[in-house]
**Student:** 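Structure below; questions to follow.
Here the structure is a predicted model, which is why all the values come from computation and not from measurement. Residue numbering restarts at 1 for every chain, and letters A, B, ... go by the order of the sequence lines.
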Protein chains: 2
Amino acid sequence: MNFRLSCNKDNERCLFKKFKNKRQQAIAEREQELLCLAEKLMEEHGFSGLTMDKLVAACDYSKGTVYNHFSSKEDLICALCSKCMTLELELFARAITFDGNGRERVLAVCFAYWLHAVLNPTLFYCVLIAKTPAVAERASPARLEGQLALEMQLSDTCNSLFAAAVDSGDLPKPTGLPFEAFSFAAWATAFGTNALLQAASTSQLIKGLDAQQALLFNTNLLLDGMQWTPLSSQWDYQESWQRIGKELFAEELLTLKEKQPNPGI
Amino acid sequence: MNFRLSCNKDNERCLFKKFKNKRQQAIAEREQELLCLAEKLMEEHGFSGLTMDKLVAACDYSKGTVYNHFSSKEDLICALCSKCMTLELELFARAITFDGNGRERVLAVCFAYWLHAVLNPTLFYCVLIAKTPAVAERASPARLEGQLALEMQLSDTCNSLFAAAVDSGDLPKPTGLPFEAFSFAAWATAFGTNALLQAASTSQLIKGLDAQQALLFNTNLLLDGMQWTPLSSQWDYQESWQRIGKELFAEELLTLKEKQPNPGI
DNA sequence: CGTCAAGTTGACGATTCGTCAAAAAATGAA
DNA sequence: TTCATTTTTTGACGAATCGTCAACTTGACG
């Protein structure tokens, strides 16, 4: 039974929930409502503006009820982190359907990752902070479990792209290391680039670099290093990048333009 | 005068300080003392264990005095972040003296970066957290300025390696982008790898990967992608990595072994 | 010794966190 | 419907934390 719950076929899960107890569903909906509120609070009043007391004041429920959902402030942050990863997962699912070669699909995932980070800077930070011992230590076990499951789904999504590339021969197998090492490298580079660029907007250190350009550039370097064909010298990935934006994320890019009137250099 | 203070010739600065007011120096020393205490508190009681009240209780000074040093808790965290970067700077300075080719020196810097992150996990997290808007917003302007200066010194150190490589012809100039783009890519990859591996030790997601191996592997991929000669296929960088550890960081590696009895796989 | 600037102190009010006994609501049997 | 039982909700409360500030101490200097 436990096993069934943790499987990721949403239909089954929803049916199960609806059948057994509609009460539970109302609770789940309320949780989403609270999470949206929390996100809004964070966006408005900065990070430290997110307070349990404020959340209680902003919603129609009492403190006890809120604490029924989130066992602590840290648990709430982890919940936001999970929400973030769920959104990412959806974007990634769209990204890997991109009509192109394998490398382009990886770029599409990077595009999605970057887009999500820029559109939801607060949530992006939540993921960072949720990894922090202070937070992880105080979150509820159930929440951490859910988080781990999401992480695995995310990395599975990425791994599938690399596995396919190895199968098709576009990407030579690494010697002495599992092919997941490739996948991890790409993830680390994308993550590091996004994180530093987000932080850089604070510190204004790397002014000359456009975020999109930097991520595309860095990823291309890495994939070239893996000798994933076609190499960046043999293919116009700049154009692929544009095409990814147009064909997969037109709507999100529009939202982005509304948010930031001046879109880079 | 202001300019003189912000220059980085330590001698001048120290002399200036000592001459003008020995009182100031006592204060500076006390600040270091408080920072060490704060770090210890964080290590012992987890991240949220670091509390202004606890720091006050642990030291011999009153709350007001502590607040004379750090205008807020966030300011204290930023101070810890600066301490972290200062340590990194020292390690990097040692790294770039490595007796080898240019790529090896970059690896040495990566080695130093990794080593520092593993030896001071709490401080490493401070850097992450200090970038967070919540923290940056509430830190004192002076502190942020110092932090920025340190960041610039760090990136200058890295840039110098890449500039030298471009000059010597080992590294082809990037087309259409400043060569700092290379430096940034390496930084982002190293940062992302370290951060994810630190977090991974929490989430146990990437069990099969050894941290050192992963960082060496990822960096090599990236530098190969840049076509920085000699490529990893033409040179045994695994051996370079070992040599870096032996020749530059023997002492630190010993400390590491004492901390972690089981050194990877 | 007296004066004044600089530095120190810790009590204090304001927030925030998380708990828990009591009240309210939902459930189900008679 | 009625009433007992279980589940959920409530908000007052105590403990911890943050940051302030008026009073106090220190030490430099004439």
**Student:** Can you tell which of C/dG18, D/dT9, D/dT17 lies closest to the side chain of B/T51?
**Tutor:**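 Output: D/dT17.
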**Student:** Would you say A/R30 places a side-chain N or O within less than 4.0 Å of OP1 or OP2 belonging to D/dT8?
**Tutor:**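 No.
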**Student:** What integer distance in Å separates A/I27:CD1 from D/dT9:C1'?
**Tutor:**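 Interatomic distance, CD1 of A/I27 to C1' of D/dT9: 11 Å.
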**Student:** Of the nucleotides C/dG18, C/dT8, D/dT17, which one has an atom closest to the side chain of A/S72?
**Tutor:**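 Out of C/dG18, C/dT8, D/dT17, the nucleotide with an atom closest to A/S72's side chain is C/dG18.
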**Student:** Can you measure A/H69 atom NE2 to D/dT9 atom P for me and round it to whole angstrom units?
**Tutor:**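 My rounded result for the distance is 7 Å.
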**Student:** Between D/dC18, D/dT10, C/dC17, which nucleotide gets closest to the side-chain atoms of A/T65?
**Tutor:**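 Minimum distance to the A/T65 side chain belongs to D/dT10.
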**Student:** Measure CD/B/E74 against C1'/D/dG19 and give the value in whole Å, please.
**Tutor:**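 My rounded result for the distance is 11 Å.
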**Student:** For B/A38 and B/L80, work out which heavy atoms get closest and say how close.
**Tutor:**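 So the minimum-distance heavy-atom pair works out to CB-CD1, 4.3 Å.
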**Student:** Give a yes/no on whether any side-chain N or O of A/N68 is located under 4.0 angstrom from OP1 or OP2 of D/dT9.
**Tutor:**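 Result: yes.
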**Student:** Rounded to whole Å, how long is the line connecting atom CE of A/M52 with atom P of C/dC17?
**Tutor:**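 After rounding, the gap between these two atoms is 7 Å.
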**Student:** Would you mind reading off the distance between B/E29 atom CD and C/dG7 atom C1', rounded to a whole angstrom?
**Tutor:**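 Going from CD in B/E29 over to C1' in C/dG7 covers 17 Å.
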**Student:** Would you kindly check whether a donor in the side chain of B/K63 faces an acceptor in the base of D/dG19, or vice versa, at under 3.5 angstrom?
**Tutor:**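 Yes, a donor-acceptor pair under 3.5 Å.
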**Student:** For A/G64 and for A/L50, find the nucleotide of DNA chain C with the closest heavy atom, then tell me which residue's nucleotide is more 5'.
**Tutor:**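 Comparing both residues, the 5'-ward one is A/L50.
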**Student:** Minimum heavy-atom separation for B/D75 to B/H69, with atom names?
**Tutor:**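 The pair with the smallest heavy-atom distance is OD2-O, 3.9 Å.
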**Student:** With respect to the side chain of A/Y67, which nucleotide from C/dC17, D/dT20, D/dT10 is positioned closest?
**Tutor:**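 Among C/dC17, D/dT20, D/dT10, the one nearest the side chain of A/Y67 is C/dC17.
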**Student:** What is the separation between atom NZ on A/K73 and atom P on D/dC18, rounded to the nearest whole Å?
**Tutor:**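 Atom-to-atom, A/K73 to D/dC18, this comes out as 11 Å.
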**Student:** Any sub-3.5 Å donor-acceptor pair from B/E252's side-chain atoms to B/L115's backbone N or O?
**Tutor:**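 Not confirmed, B/E252 side chain does not pair with B/L115 backbone.
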**Student:** Calculate the interatomic distance between B/F70 atom CZ and D/dG19 atom P; express it in whole Å.
**Tutor:**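 B/F70 atom CZ is separated from D/dG19 atom P by 13 Å.
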**Student:** Is A/R138 close enough to C/dG18 that one of its side-chain N or O atoms is under 4.0 Å from OP1 or OP2 there?
**Tutor:**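 True: A/R138 side-chain N/O within range (under 4.0 Å) of C/dG18 OP1/OP2.
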**Student:** Under 4.0 angstrom, heavy atoms only, what part of the nucleic acid is B/S71 near: base, sugar-phosphate, or nothing?
**Tutor:**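 Since no nucleic acid heavy atom lies under 4.0 Å of B/S71, the category is nothing.
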**Student:** Ring-plane angle category for B/F92 and B/Y113, please: parallel below 30°, perpendicular beyond 60°, tilted otherwise.
**Tutor:**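 B/F92 vs B/Y113 ring planes: perpendicular.
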**Student:** I need the CG-P distance between A/D53 and D/dA16, as an integer number of Å.
**Tutor:**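 Taking atom P of D/dA16 as the reference, CG of A/D53 is at 17 Å.
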**Student:** May I ask you to decide if A/R138's main-chain N or O and A/S72's side chain share a donor-acceptor pair within less than 3.5 Å?
**Tutor:**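 Judged by distance alone, yes, a pair lies under 3.5 Å.
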